[in-house]
Amino acid sequence: MNEIKVSVIIPVYNVEEYIEECLNSVVNQTLKEIEIIIVNDGTQDNSMKKIERFLLDDRIIVINKENRGISSARNCGLKIAKGEYIAFVDSDDFIDEMMLEKLYENSENKDIVISNVIEYNNVTGEKKQREIKNEIKKYNNFWKYSGFEIWNKIYKRSFLMENNIKFIEGIVLEDVPFNFYSLFLTNKVKYVDKAYYYYRIKRENSILNTLNNEK
């Protein structure tokens, strides 16, 4: 295999309804020099059974571990990743087939490359691109428009390692401190004005919906 340009880390826990769509979108990327790290975080459904048909792809690595949450799963993926850049994809979402190629094309001398997001309504099938104001893009205020999600970005692996940036385990909204540290520690950031990541909303068992219901 050629030099790995992007390592894609996908934690898996009870997503049997969505995992195949997610993996199809990743294995069919136009950028072929990738590795796909699937972290089985002790899933209790048939997710891993549905993954089996993908395992003929020699770019896929599977880590099986006890359930300790999504932060722990992502950290496990980070430990073994070999790519020049790191991408995170949630196993109930999916990505445009050109996402990794387009972000990598814009990564020269950058620690973080960001794209826009399409919010995909799982109930209605509606797809809505996030709106970004021109004045925000003009002044490169990444804090305001990049979002604190990790999955619409790629991160230079050496930058993460040198700064010991990883996920805090045992918390919700774990993306926030990860991105806070990342964006604070570098100004080598580029925004690609195109939406490549499909974020699935209004899924009954999602973390954010669960928090909203409890609140």
Side-chain angles (χ1 to χ4, degrees), residues 4 6-29 34-83 86-97 99-100 117-123 125 148-155 157 160 166-179 196-214:
I4 299 170
V6 181
S7 296
V8 186
I9 299 174
I10 308 173
V12 172
Y13 181 78
N14 291 359
V15 285
E16 62 181 21
E17 184 177 351
Y18 310 107
I19 187 60
E20 289 177 289
E21 183 175 21
C22 174
L23 284 180
N24 273 322
S25 73
V26 177
V27 300
N28 289 310
Q29 288 292 296
I34 65 174
E35 66 175 356
I36 304 162
I37 303 173
I38 298 171
V39 185
N40 171 20
D41 190 36
T43 190
Q44 299 175 349
D45 65 357
N46 292 315
S47 294
M48 297 308 295
K49 194 74 177 175
K50 294 197 171 187
I51 286 170
E52 287 180 358
R53 71 179 181 89
F54 294 93
L55 298 183
L56 293 176
D57 191 325
D58 61 7
R59 299 173 301 171
I60 293 179
I61 301 167
V62 176
I63 301 174
N64 296 299
K65 61 183 289 297
E66 295 181 0
N67 176 244
R68 291 183 57 193
I70 194 168
S71 292
S72 173
R74 287 172 177 160
N75 285 337
C76 282
L78 281 171
K79 287 179 182 178
I80 70 163
K82 298 181 177 66
I86 303 290
F88 300 96
V89 177
D90 283 358
S91 50
D92 53 354
D93 296 334
F94 55 100
I95 59 177
D96 185 280
E97 67 179 7
M99 176 177 173
L100 299 181
V117 173
I118 295 173
E119 295 181 343
Y120 173 71
N121 189 310
N122 193 56
V123 178
F148 279 106
E149 307 94 349
I150 58 167
W151 25 255
N152 63 330
K153 305 170 178 69
I154 60 171
Y155 302 84
R157 184 168 63 91
L160 296 179
K166 54 187 177 182
F167 294 92
I168 300 173
E169 300 185 16
I171 65 171
V172 295
L173 302 179
E174 69 291 330
D175 294 5
V176 175
F178 187 96
N179 263 322
Y196 294 109
Y197 192 95
Y198 288 82
Y199 170 63
R200 195 183 301 269
I201 61 173
K202 295 191 176 178
R203 183 166 70 86
E204 183 179 356
N205 295 321
S206 70
I207 292 176
L208 289 181
N209 282 342
T210 300
L211 288 175
N212 289 335
N213 290 336
E214 288 178 352

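Values below: every heavy atom of this structure, side chains too, minus hydrogens, waters and symmetry copies. Small disclaimer: the values here were computed from a predicted structure and weren't measured.
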Heavy-atom check, side chain of Ile60 versus side chain of Val27, under 4.5 Å: yes
Rounded distance [0.5 Å steps], CG in Leu100 versus CD1 in Ile154: 7.5 Å
All side chain to side chain donor-acceptor pair (under 3.5 Å) counterparts of Asn40, not counting sequence neighbours: Asn64
NZ (Lys50) with more than 12 external heavy atoms under 6.0 Å: yes
From Ile95, Val89, Asp96, residue fulfilling side-chain contact (heavy atoms from CB on, under 4.5 Å) relative to Ser25: Ile95
side-chain contact (heavy atoms from CB on, under 4.5 Å) assessment of Glu20 paired with Arg53: CA-CA 9 Å; Glu20 289 177 289; Arg53 71 179 181 89; 3.2 Å; yes
Validation row: Ile150, Phe167 side chains within 4.5 angstrom (heavy atoms): yes
Option passing side-chain contact (heavy atoms from CB on, under 4.5 Å) with Phe88 (candidates Asn152, Leu78, Ile70): Leu78
Qualifying residues under side-chain contact (heavy atoms from CB on, under 4.5 Å), relative to Lys65, sequence neighbours excluded: Val39, Asp41, Arg68, Ser72, Cys76
Side-chain heavy-atom pair Asp92, Asn122 within 4.5 angstrom cut-off: no
Euclidean distance, Asp57 CG relative to Ile36 CD1, rounded to 0.5 Å: 5.5 Å
Spacing of CH2 belonging to Trp151 relative to CE belonging to Met99, to within rounding of 0.5 Å: 9.5 Å
Contact check, side chains of Leu160 and Phe178, non-hydrogen atoms, under 4.5 Å: yes
Main-chain N/O of Pro11 paired with Ser91 side-chain donor or acceptor, under 3.5 Å: yes
Heavy-atom side-chain proximity of Ile118 to Phe94 below 4.5 angstrom: no
Nearest heavy atoms of Tyr155 and Glu149, plus distance in Å: OH-O, 4.1 Å
Any Arg74 side-chain heavy atom under 4.5 Å of Asp175 side chain: yes
Side-chain donor or acceptor of Thr43 paired with backbone N/O of Tyr13 under 3.5 Å: no
Sequence-distant partners of Ser71, side chain to side chain donor-acceptor pair (under 3.5 Å), two or more places apart: none
Atom pair CD1/CD1 of Ile63 and Ile9 - distance to nearest 0.5 Å: 8.0 Å
Under 3.5 Å donor-acceptor, Glu35 side chain and Ile4 backbone: no
Separation between CD1 of Ile51 and CG of Asn46, rounded to the nearest 0.5 Å: 11.0 Å
Closest approach of Ile34 to Val26 (non-hydrogen atoms, all atoms of both residues): CD1-O, 3.7 Å
Short N-O contact, Arg200 and Glu21, less than 4.0 angstrom: yes
Contact check, side chains of Asp90 and Val15, non-hydrogen atoms, under 4.5 Å: no
Any side-chain heavy-atom pair of Val6 and Gln29 under 4.5 Å: no
Distance in Å, Ile61 CD1 paired with Ser7 OG, rounded so as to fall on 0.5 Å steps: 7.5 Å
Distance-only polar pair, side chains of Tyr197 and Asp93, donor-acceptor under 3.5 Å: yes
Contact summary for Ile171 and Pro177, nearest pair of heavy atoms: CD1-CG, 4.0 Å
